[in-house]
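Everything below concerns the one structure shown next.
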Amino acid sequence: AYIQPSFFSVYLPSHQGYNNPKNMKQYIYGKNTILEALKGDKSVYTVYVQNNAKDNGIIEQCKRKKIPFKIVDKSEFIKKLGNVSHQGVMAEIEEYRYYSIDEIINTIPDGKQPLLLMLDGLEDPHNLGAILRTCDAIGVDGVIIGKNRSVGLNGTVAKVSTGAIDHVKVAQVTNLTRTLEDLKKRSFWVVGCDLDKSQDYRQVDYNMPLVIVIGSEGFGISRLVKKSCDINVVLPMVGHVNSLNASVATAVILYQVYNSRNPL
């Protein structure tokens, strides 16, 4: 999955949040993912360990927290997960919840310049997981995704994020454009990744409340979302390949925001 290499959009958050129904369950897998879930406040109902898996401390954690665990064979993993790289451990947990825009904004510390990331039509769970990992690393306050035609929070996203999914707040909204317009009314600026009327991403001063918008792997930012961008930026490229992976491009722009706000 690829994205037009050099463009980013910063969008404003909206009031449309979505919370998962209570008591819904899902499966996660991978050692780091499950260890992070066991350390946090999320409800972990049952942990499954493959009978030939190496000891990784997960069983000890389960015993310590009095969480049921089962030793099972490979067929149980295939039945519940399909063919994925599960590292011999999986868990049934409380479904990942989505936050409202207000919940995200209200948890931003006083004195901190707000930084939100909007993903417009991102479909690859590996990209979303990697993006959440970067967001956690540099302190993004929240991620906004669409409710339709976008990847959501699932087991693959959790594994690739290596636990960041438990620390980065994600809002799922039905209308990205309306969300951006709502955020603009709250003094956010929208920086978009698009070739039209763009400038080098290094020329922008990111010391203002921001929503950074990244488009889909194949089509970039959608037409209506693009209209809501205040600034368009591009990542200059001098090689032969004319696009970057969505998660790589996101990391580049987010670290430029970090550098702008935290100069040496």
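Note that the coordinates shown come from a computational prediction; the quantities given were computed from them, not determined experimentally. Scope of the values below: all heavy atoms of this structure, side chains included, with no hydrogens, waters or symmetry mates.
Residues S228 and E181 have side chains that bring a donor and an acceptor to within less than 3.5 angstrom of each other. Side-chain atoms of T156 and Y29 form a donor-acceptor pair, as typed in the model, at a separation below 3.5 Å. No hydrogens or angles considered: nothing links the side chains of N32 and T162 as a donor-acceptor pair under 3.5 Å. Using a 3.5 Å distance cut-off with no hydrogens or angles, the side chains of D102 and S100 do not pair a donor with an acceptor.
Nearest approach of N154 to P125, heavy atoms of both residues: OD1-CB, 4.1 Å. Looking at every heavy atom in both residues, K147 comes nearest to Q172 through CA-CG, 3.6 Å. Between D141 and P109 the shortest heavy-atom distance is OD1-CD, 4.4 Å. Contact record, L117 with C135: CD2-SG, 3.7 Å, taken as the closest heavy-atom pair. Here the closest non-hydrogen pair linking G163 and H167 is O-CD2, 3.2 Å. Closest approach of A130 and V160 over heavy atoms only: N-CG1, 3.5 Å.
Put simply, the side chain of Q87 never gets that close to the backbone of G30: no donor and acceptor are under 3.5 Å apart. Although no hydrogens or angles enter the test, the distance criterion places a donor-acceptor pair under 3.5 Å between the side chain of Q203 and the main chain of D200. At distances below 3.5 Å, at least one donor-acceptor pair connects side-chain atoms of N207 with backbone N or O atoms of S260. Formation of a donor-acceptor pair under 3.5 Å by the Y98 side chain with backbone atoms of L153 is found in this model.
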| request: Quick one: do L116 and I212 satisfy side-chain contact (heavy atoms from CB on, under 4.5 Å)? Show the steps, please. | output: CA-CA 6 Å; L116 303 175; I212 303 230; over 6 Å; no

| said: Please determine whether side-chain contact (heavy atoms from CB on, under 4.5 Å) holds for the pair Y201 and V252, giving the CA-CA distance in whole Å, both sets of side-chain angles, and the decisive distance to 0.1 Å. | reply: CA-CA 9 Å; Y201 78 108; V252 172; 3.8 Å; yes

| Derivation of the side-chain contact (heavy atoms from CB on, under 4.5 Å) call for V49 and V72 | CA-CA 6 Å; V49 179; V72 298; over 6 Å; no

| V151 vs D124, side-chain contact (heavy atoms from CB on, under 4.5 Å): CA-CA, chis, key distance, verdict | CA-CA 6 Å; V151 64; D124 188 338; over 6 Å; no

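Under the 4.5 Å side-chain criterion, counting only non-hydrogen atoms from C-beta, I138 is in contact with V140. In this structure the side chain of S247 reaches within 4.5 angstrom of the side chain of N127, judged on heavy atoms. Under the 4.5 Å side-chain criterion, counting only non-hydrogen atoms from C-beta, E92 is not in contact with Q26. Residues K74 and Q50 meet the side-chain proximity criterion, which asks for heavy atoms closer than 4.5 Å. Under the 4.5 Å side-chain criterion, counting only non-hydrogen atoms from C-beta, E123 is not in contact with S216. Looking at heavy atoms from C-beta onward, Q199 lies in side-chain contact with I231 at the 4.5 angstrom threshold. Contact of the V47 side chain with the I58 side chain is registered, since non-hydrogen atoms from C-beta on lie closer than 4.5 Å. Side chains of Y99 and V170 form no contact here, defined as non-hydrogen atoms less than 4.5 Å apart.
A distance of 3.5 Å separates CD1 in I131 from OG1 in T250, rounded to the nearest 0.5 Å. Separating the CD atom in Q113 from the CG atom in N262 is a distance of 11.0 Å, to the nearest 0.5 Å. Expressed to the nearest 0.5 Å, how far NZ of K169 lies from CD1 of I144 amounts to 13.5 Å. The CD atom of E95 sits 12.5 Å away from atom OG of S43, with the distance rounded to the nearest 0.5 Å. With rounding to the nearest 0.5 angstrom, the CG atom of D166 is 6.0 Å from the CD atom of E36. From L115, atom CG reaches atom CG of L254 across 6.0 Å, with rounding to the nearest 0.5 Å.
Relative to the ring axis of Y45, K25 places its NZ or CZ within 45° and under 6.0 Å from the centre. Because its NZ or CZ atom is not both nearer than 6.0 Å to the ring centre of Y48 and within 45° of the ring axis, K70 does not count as a cation-pi partner of that residue. The side-chain tip of R261 does not point at the ring of Y258 from less than 6.0 angstrom away and within 45° of straight on.
Note on L81: it does not cluster hydrophobically with F69, by side-chain heavy-atom contacts below 4.5 Å among ILVMFWY residues. Residues L119 and L244 share a hydrophobic cluster, clusters being chains of Ile/Leu/Val/Met/Phe/Trp/Tyr side chains in contact below 4.5 Å. Criterion: ILVMFWY side-chain heavy atoms under 4.5 Å apart, direct or through other members. Under it, I34 and I71 are part of a common hydrophobic cluster. Note: the hydrophobic cluster containing V44 does not contain Y27 (ILVMFWY, side chain heavy atoms under 4.5 Å, direct or indirect links). I59 and M90 fall into different hydrophobic clusters, where Ile, Leu, Val, Met, Phe, Trp and Tyr are joined by side-chain heavy atoms under 4.5 Å apart, directly or via other members.
Of the candidates L132, L122, I104, I214, V143 forms a side chain to side chain contact (heavy atoms under 4.5 Å, CB included) with just one, namely L132.
With a 6.0 Å radius and a threshold of 12 heavy atoms from other residues, nucleotides or ligands, K65 has its NZ atom above the threshold. Heavy-atom neighbours of N83 CG from other residues, nucleotides or ligands within 6.0 Å: at or below the threshold of 12. The number of heavy-atom neighbours closer than 6.0 Å to NZ of K112, taken from other residues, nucleotides and ligands shown, is above 12. The local environment of CG in D41 is sparse, with at most 12 non-hydrogen atoms from other residues, nucleotides or ligands closer than 6.0 Å.
A salt bridge does not link E60 with K63: none of the charged nitrogens is closer than 4.0 Å to a carboxylate oxygen.
Partners of F77 by ring-ring contact (aromatic ring centres under 6.0 Å, His included), not counting sequence neighbours, listed by chain and number: H86.
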